[in-house]
Amino acid sequence: MAHEPLETALKAVLKEMGLGKASVYLERPRDPSHGDVACNIAMTVSREIGKSSREIAEEIAARLELDTAGIESVEVAGPGFLNFKLSSGTVASVLDQIVTKDRTFGRSTIGEGARVMVEFVSANPTGPLHVGHGRQAALGDAIASLLEWTGWDVHREFYYNDAGTQIDKLAESVRARYLDQTGHDAEIPEGGYHGEYVSKLAEALVKEFGDRFVEDESERAIDHIRKFSVRSLRKEQDRDLSDFGVRFDEYYLESSLYQNGRVSSTLEALRETGLVYEREGATWLETTKFGDQKDRVMVRKNGLPTYFLPDVAYHMHKWARGFQRVINVQGSDHHGTVERVRGGLQALGLPAGYPEYVLHQMVRVVREGKEVKFSKRAGENTTLRELYRDVGVDVTRYFFQMRKPDAQMMFDLGAALDHSDKNPVYKIQYAHARMSSIFAKAQIVPEKIEAGSADLSTLTEDHERQLINQLGSFPDVLERAAENSAPHIVCDYLEQTAGAANAWYHAGNPSRNPDLAVLVDDLTLRSARLILARALQVVLRNGLTVLGIAAPTRMSQAIKDDSA
RNA sequence: GCGCCCGUAGCUCAGUUGGAUAGAGCGCGUGCCUCCGGAGCACGAGGUCACAGGUUCGAAUCCUGUCGGGCGCACCA
């Protein structure tokens with residue numbers, strides 16, 4: 001909570017009382033009857049100085065100079081809380097700030113412009129993106145965006161595993177279908193891919209090259225099929241992501257790590273640490289030295305590296321490119337790799353917690369309580385594209401973002417398809433659009449509403465006061481969400497804000513309570529409320545922007561665009 | 001068996017250095033609603049915070065153990 005005058009006043013009083021070292025922590029109480037700001041300092045120091053916390057609180061309250069701190073009143077409550085009621089001018093002054101800062105309200109400089117990489121999606125080009133990738137795309141993009149809003153220089157990266165055995169399996173699967181379609185017997189290999197898309201790839205191959213690869217079993221031929229398949233699946237993934245509103249600054253190819261020698265040089269560097277040994281024909285790294293559960297194989301008996309080695313090479317290169325902070329967003333089924341990759345990096349001298357991980361759990365798409373898997377295309381999984389085609393991009397993104405990453409989530413299609421205020425996305429967008437509608441009715445251009453153009457101390461209604469406090473906490477919310485890599489905090493906040501906004505709006509229904517309407521006859525009050533309405537709109541819009549979701553000025557438009 | 005994550009209202013989930021009477025949405029109940037834009041608004045019922053101990057002035061939150069669910073434990077990724 002930023003309330004500098006109060007904070008300095010409190011610190012001064014504490015110093016007088018010989019408690020200069022204590023750190024002051026202000027919070028906004030949940031219960032409005034507890035005032036605008038609360039402080040628990042009396043409790044935290046009571047043991048240290050051996051006085052009851054109520055006594056201490058009373059003393060602080062008595063010594064405080066209310067006026068200079070912008071306080072209307074203070075009271076001691078419960079076990080020793082100090083509850084402050086701010087003067088209405090202090091409360092409302094934040095509105096001027098919001099309107100002035102406009103699109104930058106909520107931004108901070110905590111990151112100090114330092115570089116940070118967010119790596120996410122990183123799907124193998126072996127099939128279409130499914131809903132799990134969608135959750136990751138929405139989360140990763142929002143986390144990246146939160147970092148931008150809090151002052152970091154963010155790089156979004158996608159890592160393509162285009163060099164491993166999975167790709168070979170894909171090529172073999174496509175080749176099998178290809179042989180099928182050209183009238184030859186063939187079966188998809190063990191562990192191969194069975195989705196309809198494999199047949200489609202084979203079809204495309206036939207169309208372009210006829211039976212040219214039927215007899216040819218050379219490495220060159222299979223390589224051709226592999227490249228053809230990967231190229232077309234990558235194209236499809238790129239399209240699906242870009243239509244989902246997700247862009248990357250860089251696509252990093254695993255194959256490049258082999259081509260430019262980073263894999264072999266990483267192996268050499270690891271050997272020099274003395275933590276590498278040979279056993280049963282394979283090459284191992286002592287990752288247990290760094291807390292891993294067991295040592296890991298880097299090079300297999302057959303001479304080929306496991307994925308572990310290029311992973312270490314890749315992350316060393318992230319560091320070398322200047323990213324001292326990296327956040328990897330991955331499915332929690334990869335959590336087994338976390339300790340081993342970090343172990344490999346520590347062996348080479350990188351810090352222990354590098355990189356950071358946000359691991360998200362699986363998604364289940366349900367309709368009326370039953371799980372749905374409606375994809376022909378991908379075999380088992382529902383594809384991301386099918387999902388957002390049906391429920392819209394905004395809703396899909398929001399639903400993925402509104403839950404904590406580290407819990408399994410239910411994606412409820414019924415709730416997603418609801419176009420009323422019961423759907424949180426529409427509820428928020430509606431609140432935003434309503435403000436536009438007010439401005440239209442008043443024939444005002446919202447951008448022209450200026451700070452300082454009204455006496456904000458006239459905003460004294462309960463709904464208004466609560467709403468103002470709510471709006472003022474937006475920067476803190478972004479900060480906390482960014483710190484915890486937790487976009488759902490923003491979702492919660494926006495939903496609450498929209499709820500408060502709608503309550504305020506409806507309370508001011510002109511047919512019932514004309515004196516509570518924004519467009520009241522009293523012009524002083526009217527201009528103050530217009531500033532509140534504008535501030536509200538700015539905060540809702542900025543919050544939606546952080547999440548990569550549209551802030552429409554008319555709802556019919558939003559719903560139409562969304563399901564198009 | 002070992003490791004990571006989760007267990008909060010009928011359902012889906014929040015719960016901000018450990019703080020006040022544990023919250024929201026949906027669903028349910030009651031009342032209002034020809035409005036600055038609607039299936040909207042107001043109010044209400046509904047909880048042994050999985051269980052048992054411990055730390056603390058204070059625990060949903062921290063520690064230990066138990067039970068339940070998910071994921072991972074490859075010379076696969």
Side-chain angles (χ1 to χ4, degrees), chain A residues 1 23 25 27-31 33-34 38 40 43-44 46-47 52-53 77-81 83 124 126 161 164-166 169 191 254 279-284 292-294 296-308 310-311 331-339 359-362 364 366 369 402-412 414-415 418-424 427 430 433-442 473 476-477 479-481 483-484 486 488-489 491-493 495-496 499 502-503 505-512 514 517-519 533 554-556:
Chain A
M1 264 329 268
S23 69
Y25 177 77
E27 62 179 359
R28 191 155 72 87
R30 226 171 247 148
D31 185 341
S33 75
H34 292 150
N40 65 351
M43 273 109 81
T44 60
S46 90
R47 187 204 319 243
S52 87
S53 46
F81 285 100
N83 291 337
N124 289 346
T126 54
N161 294 117
T165 50
Q166 296 309 308
K169 292 280 187 210
E254 185 196 4
R279 195 176 75 201
E280 293 160 19
T283 307
W284 298 68
D292 199 3
Q293 293 216 255
K294 49 180 291 192
R296 303 296 173 173
V297 171
M298 295 189 300
V299 183
R300 293 180 267 177
K301 193 158 39 181
N302 65 10
L304 296 173
T306 63
Y307 263 54
F308 173 44
D311 268 359
S332 65
D333 54 335
H334 287 76
H335 79 247
T337 64
V338 172
E339 287 312 312
L359 300 178
H360 67 88
Q361 301 263 352
M362 300 298 114
R364 287 196 299 152
V366 293
M402 74 180 175
R403 302 296 181 221
K404 272 195 297 218
D406 52 9
Q408 303 156 56
M409 78 164 281
M410 301 269 235
F411 194 110
D412 186 337
D418 189 329
H419 280 184
S420 77
D421 265 14
K422 287 174 187 158
N423 184 327
K427 177 179 175 175
Y430 236 117
R434 276 187 176 122
M435 297 308 119
S436 293
S437 144
I438 292 174
F439 302 140
K441 175 147 182 140
S473 65
D476 294 329
V477 168
E479 190 179 318
R480 194 155 52 84
E483 239 167 53
N484 296 293
H488 77 274
I489 291 175
C491 295
D492 273 2
Y493 171 82
E495 206 180 331
Q496 264 180 45
N502 288 335
Y505 174 85
H506 288 292
N509 185 322
S511 74
R512 238 177 322 172
V518 173
L519 305 177
R554 280 207 320 274
M555 278 314 282
S556 52

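By convention in this document, chain letters (A, B, ...) are assigned in the order of the sequence lines, proteins followed by strands, and residues within each chain are numbered from 1. Please read all numbers here as calculations on a predicted model, not as lab measurements.
If you take NE2 of A:His34 and P of B:U21, they are 8 Å apart, rounded to a whole angstrom. In this entry the distance linking CG of A:Asp292 with C1' of B:C4 reads 13 Å, nearest Å. Distance CZ (A:Arg364) to C1' (B:C71): 14 Å, rounded to an integer number of Å. When the P atom of B:C6 is taken as reference, atom CE of A:Met362 falls 15 Å away, rounded to whole Å. Note: NE2 (A:His419) to P (B:G40) measures 14 Å, nearest angstrom. If you measure from atom NZ of A:Lys294 to atom P of B:G72, you get 16 Å, rounded to the nearest angstrom.
Nearest-nucleotide positions on RNA chain B place A:Asn83 closer to the 5' end than the other of A:Val299 and A:Asn83. Mapping A:Ser332 and A:Lys301 onto RNA chain B via the closest heavy atom, the residue that lands nearer the 5' end is A:Ser332.
Note on A:Asn124: only backbone sugar-phosphate atoms sit closer than 4.0 angstrom, heavy atoms only; bases stay farther off. A:Phe308 comes within 4.0 angstrom of no nucleic acid atom, judged by non-hydrogen atoms across all strands. Residue contacts shown for A:Ser437 include a base, since a base heavy atom lies under 4.0 Å away. Nucleic acid contact for A:Ala517: none, since no nucleic acid atom lies under 4.0 Å from a heavy atom of the residue. Across all strands shown, A:Ala503 has heavy atoms under 4.0 Å from sugar-phosphate atoms exclusively, and none from any base. A:His335 comes within 4.0 angstrom of a base, heavy atoms only. Residue contacts shown for A:Ala38 include a base, since a base heavy atom lies under 4.0 Å away.
Annotation: side-chain hydrogen bond (donor to acceptor under 3.5 Å, both in side chains) contacts of A:Thr306 (sequence neighbours excluded): none. For A:Asp292, the side-chain hydrogen bond (donor to acceptor under 3.5 Å, both in side chains) criterion is met by A:Thr287, A:Arg296, not counting sequence neighbours. Partners of A:Phe308 under the ring pair (Phe, Tyr, Trp, His ring centres under 6.0 Å) rule, at least two apart in sequence or in another chain, do not exist in this structure. A:Lys301 meets the side-chain contact (heavy atoms from CB on, under 4.5 Å) test with no other residue; sequence neighbours excluded. By the side-chain contact (heavy atoms from CB on, under 4.5 Å) test, A:Ala486 pairs with A:Asn484, A:His488, A:Ile489, sequence neighbours left out. By the side-chain hydrogen bond (donor to acceptor under 3.5 Å, both in side chains) test, A:Gln361 pairs with no residue at all, sequence neighbours left out. In this view, A:Glu339 and A:Arg342 satisfy the salt bridge (Lys or Arg N to Asp or Glu O under 4.0 Å) rule, not counting sequence neighbours. Residues forming a salt bridge (Lys or Arg N to Asp or Glu O under 4.0 Å) with A:Arg364 (at least two apart in sequence, or on another chain): A:Glu371. With sequence neighbours left out, A:Asn502 forms a side-chain hydrogen bond (donor to acceptor under 3.5 Å, both in side chains) with A:Arg434.
Taking atom C1' in both B:A9 and B:A14, one finds a spacing of 13 Å when rounded to whole Å. Comparing B:G47 with B:C11, their C1' atoms are spaced 15 Å from each other, to the whole Å. B:C71 and B:U30 have their P atoms separated by 43 Å, given to the nearest Å. Comparing B:A59 with B:U17, their C1' atoms are spaced 15 Å from each other, to the whole Å. Using P as the reference atom, B:A24 and B:C63 are 29 Å apart when rounded to the nearest Å. When the C1' atom is compared between B:G58 and B:G46, the two are found 27 Å apart, to the nearest whole Å. For the C1' atom pair drawn from B:C75 and B:G68, the interatomic distance equals 36 Å after rounding to whole Å. Spacing of P atoms, B:C5 relative to B:U64, comes out at 12 Å, to the nearest Å.
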Could I get a table of every N or O pair under 3.5 Å where one atom is in the protein and the other is in nucleotides 24-28 of chain B?
unit_1: B:G27; atom_1: OP1; unit_2: A:Lys422; atom_2: NZ; d: 3.2

When you compare the protein's N or O atoms with those of nucleotides 11-18 of chain B, which come within less than 3.5 Å of each other, and at what distance?
unit_1: B:U12; atom_1: O2'; unit_2: A:Arg403; atom_2: NH2; d: 2.9
unit_1: B:C13; atom_1: OP1; unit_2: A:Gln408; atom_2: O; d: 3.3
unit_1: B:C13; atom_1: OP1; unit_2: A:Met410; atom_2: N; d: 3.3
unit_1: B:C13; atom_1: O2'; unit_2: A:Arg403; atom_2: NH1; d: 2.8
unit_1: B:A14; atom_1: OP1; unit_2: A:Lys404; atom_2: N; d: 3.0
unit_1: B:A14; atom_1: O2'; unit_2: A:Asp492; atom_2: OD2; d: 2.0
unit_1: B:G15; atom_1: OP1; unit_2: A:His488; atom_2: NE2; d: 3.2
unit_1: B:G15; atom_1: O2'; unit_2: A:Arg30; atom_2: NH2; d: 2.8
unit_1: B:U16; atom_1: O4'; unit_2: A:Arg480; atom_2: NH1; d: 3.2
unit_1: B:U16; atom_1: O2; unit_2: A:Arg480; atom_2: NE; d: 3.4
unit_1: B:U17; atom_1: O4; unit_2: A:Asn40; atom_2: OD1; d: 3.3
unit_1: B:U17; atom_1: O4; unit_2: A:Asn40; atom_2: ND2; d: 2.6

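Taking all atoms of both residues into account, the shortest heavy-atom contact from A:Met402 to A:Pro424 is SD-CG, 4.3 Å. Shortest non-hydrogen contact noted between A:Asn423 and A:Ala415 is ND2-O, 3.3 Å. Scanning both residues, A:Ser46 and A:Ser52, for their nearest heavy atoms gives CB-C, 4.4 Å. Contact between A:Lys427 and A:Asp421 at its shortest, heavy atoms only, is CB-O, 3.4 Å. Between A:Leu359 and A:His335, the shortest heavy-atom distance links the atoms CD1-CB, 3.3 Å.
You won't find any donor-acceptor pair under 3.5 Å spanning the side chain of A:Gln361 and the base of B:C6, going by distance alone. A donor-acceptor contact under 3.5 Å is not formed by the side chain of A:His334 with the base of B:G72.
For A:Asn502, the listed nucleotide lying nearest its side chain is B:C41; candidates were B:A20, B:C41, B:G37. Considering only the side chain of A:Met43, B:G19 comes nearest among B:A20, B:G37, B:G19.
Aromatic stacking is not marked for A:Phe81 over B:G19, as the cut-offs of 5.5 Å for the centres and 30° for the planes do not both hold.
Within the structure, a side-chain polar atom (N or O) of A:Ser420 is placed less than 4.0 Å from OP1 or OP2 of B:G40.
Stem analysis of RNA chain B (at least three stacked-register Watson-Crick or G-U pairs, each with both distances under 3.5 Å) gives B:1-7 with B:67-73, B:10-13 with B:23-26, B:28-32 with B:40-44, B:50-54 with B:62-66.
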